[in-house]
Structure formats: structure tokens, C-alpha cells
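Notes to accompany the following structure.
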Amino acid sequence: MTTDSSQPGDSSQPGDSSQPGDSSQPGTRSPAGSALKPVELTSWFDTHARDLPWRATGTTGWGVLVSETMLQQTPVRRVQPIWEEWMARWPRPSDLAAASQAEVLRAWGKLGYPRRALRLHEAASAIATEHGDVVPADVDTLLGLPGIGTYTARAVAAFAYGRRAPVVDTNVRRVVARAVHGAGDAGNPSPKRDLADVDALLPADDTTAAKMSAALMELGQTVCTVRSPACESCPISHDCAWQHAGRPAYSGPPKKVQRFAGTDRQVRGLLLDVLRGAEGPVARERLDAVWSDAGQRDQCLDSLLTDGLMEQTQDGLFALPGES
DNA sequence: GAGTCGTGGCA
DNA sequence: TTGCCAAGACT
């Protein structure tokens with residue numbers, strides 16, 4: 001991968017990252033942002049990175065974009081087989097763009113958050129028609145595509161094109177919270193500060209910065225985990241502020257936890273699952289059977305129609321979009 | 001900025 | 001069993 005097009009940095013956010021004291025940790029006097037050595041992370045990554053299919057040499061920007069979209073809030077184990085199918089079936093953006101929404105939603109299966117599939121389908125069309133069927137490498141251009149936000153745009157720029165683009169996901173935030181700030185875990189996201197924190201850690205060189213971004217994520221996923229961090233296997237434990245502080249427990253504001261049982265999300269999921277499993281349009285009664293609360297059921301049906309995740313046929317049946 | 005949007009595995 | 005959590009985006 002890393003085709004290194006020698007772009008002179010993307011100068012995303014120069015200064016204003018300085019945050020002097022950070023008085024949260026009395027015992028640590030390490031200046032934030034200078035303790036992590038790029039080479040220690042990148043060489044660890046070279047020998048310990050998991051052999052994920054989208055990391056294989058030759059994976060296109062499209063392959064990386066599909067993987068990053070599928071991986072949003074979704075574990076690697078569930079994404080991998082679906083990604084393989086998609087790459088075999090739709091190797092280029094224009095291939096996906098040519099498929100119907102119904103086909104795309106069925107292929108998405110139970111990965112969850114099916115609107116991601118619809119947005120990726122839209123993005124594929126835009127890439128095919130406006131970008132020569134090649135996923136853009138520029139962060140700002142990527143941000144203009146549906147379904148691509150701060151994280152995904154930077155992940156594609158870094159992992160597919162070897163750009164220096166600070167990548168901030170939940171894993172990186174945890175690693176930075178511990179290694180740099182000495183906290184037990186990251187608090188709620190603060191996009192501007194989080195981005196500045198990571199930007200301060202990355203070296204100027206594109207290729208090294210991109211690999212360090214991947215390494216920070218991998219470290220958070222496989223070593224610096226939420227519940228049982230394997231500090232004895234960590235390549236930067238000797239530079240870790242959390243380690244030096246005696247690994248204090250997380251003491252920030254309580255993290256938001258989403259409910260699921262009984263919510264509209266559950267009902268929507270059940271309704272859509274009926275359509276995914278059906279050959280074609282289904283009668284209202286089939287949908288009514290999955291949830292007893294008629295009021296909530298109807299509301300969810302409406303929202304699914306509004307979101308473009310299902311359609312109603314002339315004769316009042318329900319179907320996935322584009323198959324009626 | 002807080003809420004919403006799926007699904008399944010694991011401690 | 002149940003709460004927590006998993007490579008976020010959008011309104």
C-alpha cells in the first residue's frame with residue numbers, strides 16, 4: 001500500500017494545540033505530546049499488526065473506504081466476511097453504483113446501521129461520476145461525500161494513500177488519554193482537542209505518520225484495551241503517563257450508554273429484517289407480526305420510509321427500495 | 001451538543 | 001442475565 005505521493009503535509013491544524021498544565025494528574029510532569037516515539041510504534045506495528053484483508057498490498061482506496069465504513073461501530077469479526085463478499089462482487093465504485101439499493105441492503109446484511117449502506121451507495125455514485133471511479137485522497141474532498149465524516153476521511157487518506165492525516169477513533173482516544181494524559185480512559189469525545197492531541201504526536205513525514213496512525217489504532221484494539229490492557233506487552237509502556245501514575249482508574253464524567261431493548265432502533269431492525277429475508281414485497285401483516293405496540297410500529301415504519309430504507313408499492317405492500 | 005441510528009458478543 | 005462496548009455520522 002502506501003503509495004507515498006510525497007505531498008507536503010496537509011497542514012490541517014497548525015497551532016493552538018498547546019494545553020499547558022493538564023492539572024488532572026499531579027504525579028506526572030511529562031509535557032503532553034512529546035513522550036511517544038513514532039519508531040517504537042511503527043516497528044511494533046510491523047511485527048504485531050493483525051493480517052486484516054483490507055491491509056493487504058494492492059487494496060484500493062475503494063477497498064479501504066468500504067472497510068472503514070463497515071467498521072464504524074462494528075467489530076472486525078463481523079465486518080471481515082461481508083467485506084470480502086463486497087470486494088468480489090463490487091470491486092470498483094461504479095460496480096456498486098450500478099446495483100440497486102435493495103441489493104446493497106441485502107448484501108449489507110446484519111452489520112447494523114443500514115443507512116451506512118445507503119450512504120456508501122451514494123458515495124460510490126459520486127466517486128464514479130465525479131472522480132473518475134477513484135476514491136479521492138484529499139481529506140476535504142472526502143468529507144464532501146455522503147457517510148464520510150472526520151474519522152473516515154482521515155482514515156482513507158492515511159491508510160489508502162499514506163497521507164499524514166491525524167486519525168482519531170475511540171481506540172486512539174483511549175491510547176492518548178492513557179499514554180499522554182495519564183488518565184484511565186478517554187472521556188466523552190472533544191473533536192477539536194482530540195485531533196490536536198494526535199496531530200502533536202505525528203511526525204512530519206507522510207509515510208511514517210500514516211503508519212503511526214495505524215499503529216495507534218491497532219495498539220488500542222489489541223493491547224491498550226478498555227477492560228484488560230496488556231501493559232506488559234505494550235511497546236510504549238515505559239513512556240506511558242498512565243503507567244507512571246500507577247494506572248489510576250477512570251475518573252472523568254460518566255460515559256453515555258445507549259439503550260437498545262424496546263427502542264425504535266430495535267423495532268426498525270426487526271422490520272427491516274423481514275424485508276431483507278423476503279423474496280419481494282410483503283404485506284403489512286408480516287410487518288405487524290414483529291412488534292406488538294402498534295403506535296411505535298407505525299412510527300418506525302414511517303421513519304424507515306422517510307429514511308429511504310423501504311418503499312411502499314402501488315398496492316400497499318412494503319419492499320426494500322428499488323425492488324418494487 | 002445531545003440524541004438517534006443496529007447488532008451481537010462477552011465478562 | 002444484563003450492562004457494556006465495537007475503526008462514527010448526521011441532525
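So you know, we letter chains A, B, ... as the sequences are listed, proteins then strands, and number each from 1. For the numbers below, each heavy atom of this structure counts, side chains included, while hydrogens, waters and symmetry mates do not.
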Protein-nucleotide distance ([X], atom [atom1]; [N], atom [atom2]), rounded to Å:
| X | N | atom1 | atom2 | answer |
| --- | --- | --- | --- | --- |
| A:Y113 | B:dT7 | OH | P | 10 Å |
| A:Q266 | B:dT4 | CD | C1' | 15 Å |
| A:R115 | B:dC5 | CZ | C1' | 4 Å |
| A:W108 | B:dG8 | CH2 | P | 14 Å |
| A:R77 | B:dG6 | CZ | P | 21 Å |
| A:D307 | B:dC5 | CG | C1' | 8 Å |
| A:L271 | B:dC5 | CG | C1' | 14 Å |
| A:N188 | B:dA2 | CG | C1' | 10 Å |

Are the charged groups of [X] and [Y] less than 4.0 angstrom apart, N to O?
| X | Y | answer |
| --- | --- | --- |
| A:R297 | A:D288 | yes |
| A:R284 | A:D298 | yes |
| A:D199 | A:R164 | yes |
| A:R193 | A:D197 | yes |

Open item on the list: If only side-chain N and O atoms count, and only distance matters, is there a donor-acceptor pair under 3.5 Å linking A:S303 with A:R268?
Closed with: yes
Determine: side-chain N/O of [X] to OP1/OP2 of [N], distance under 4.0 Å, yes or no.
| X | N | value |
| --- | --- | --- |
| A:R276 | B:dT7 | yes |
| A:R78 | B:dT7 | no |
| A:K110 | B:dG6 | no |

Please classify the nucleic acid contact of [X] as base, sugar-phosphate, or nothing, using heavy-atom distances under 4.0 Å.
| X | answer |
| --- | --- |
| A:T152 | sugar-phosphate |
| A:P189 | nothing |
| A:L52 | base |
| A:T170 | sugar-phosphate |
| A:L111 | base |
| A:T150 | sugar-phosphate |

Open item on the list: Please determine whether any donor N or O and acceptor N or O are separated by less than 3.5 Å between the side chain of A:T74 and the base of B:dG8.
Closed with: no
Task: Residue mapping more 5' on DNA chain B - nearest nucleotide basis, A:R227 or A:R268 - done: A:R268
TODO: Could you check A:G112 against A:K256 and say which one's nearest nucleotide on DNA chain B is further toward the 5' end?
DONE: A:K256
- [ ] Identify, between A:P146 and A:V226, the residue whose nearest nucleotide on DNA chain C lies closer to the 5' end.
- [x] A:V226
TODO: Please state the C1' separation for the pair B:dA2 and C:dA7 - nearest whole angstrom.
DONE: 23 Å
- [ ] State whether the number of non-hydrogen atoms from other residues, nucleotides or ligands found under 6.0 Å of A:Q314 atom CD is greater than 12.
- [x] no
Open item on the list: Determine whether a donor-acceptor pair (N or O, by modelled atom type, separation under 3.5 Å) exists between the side chain of A:R247 and the backbone of A:W242.
Closed with: no
Open item on the list: Please find the pair of heavy atoms, one from A:R116 and one from A:G112, that lie closest to each other, and give the distance.
Closed with: NH2-O, 2.7 Å
TODO: Taking heavy atoms of chain A and a 4.0 Å limit, find me the 5'-most and 3'-most nucleotide of DNA chain C within that range.
DONE: C:dC4 to C:dC10
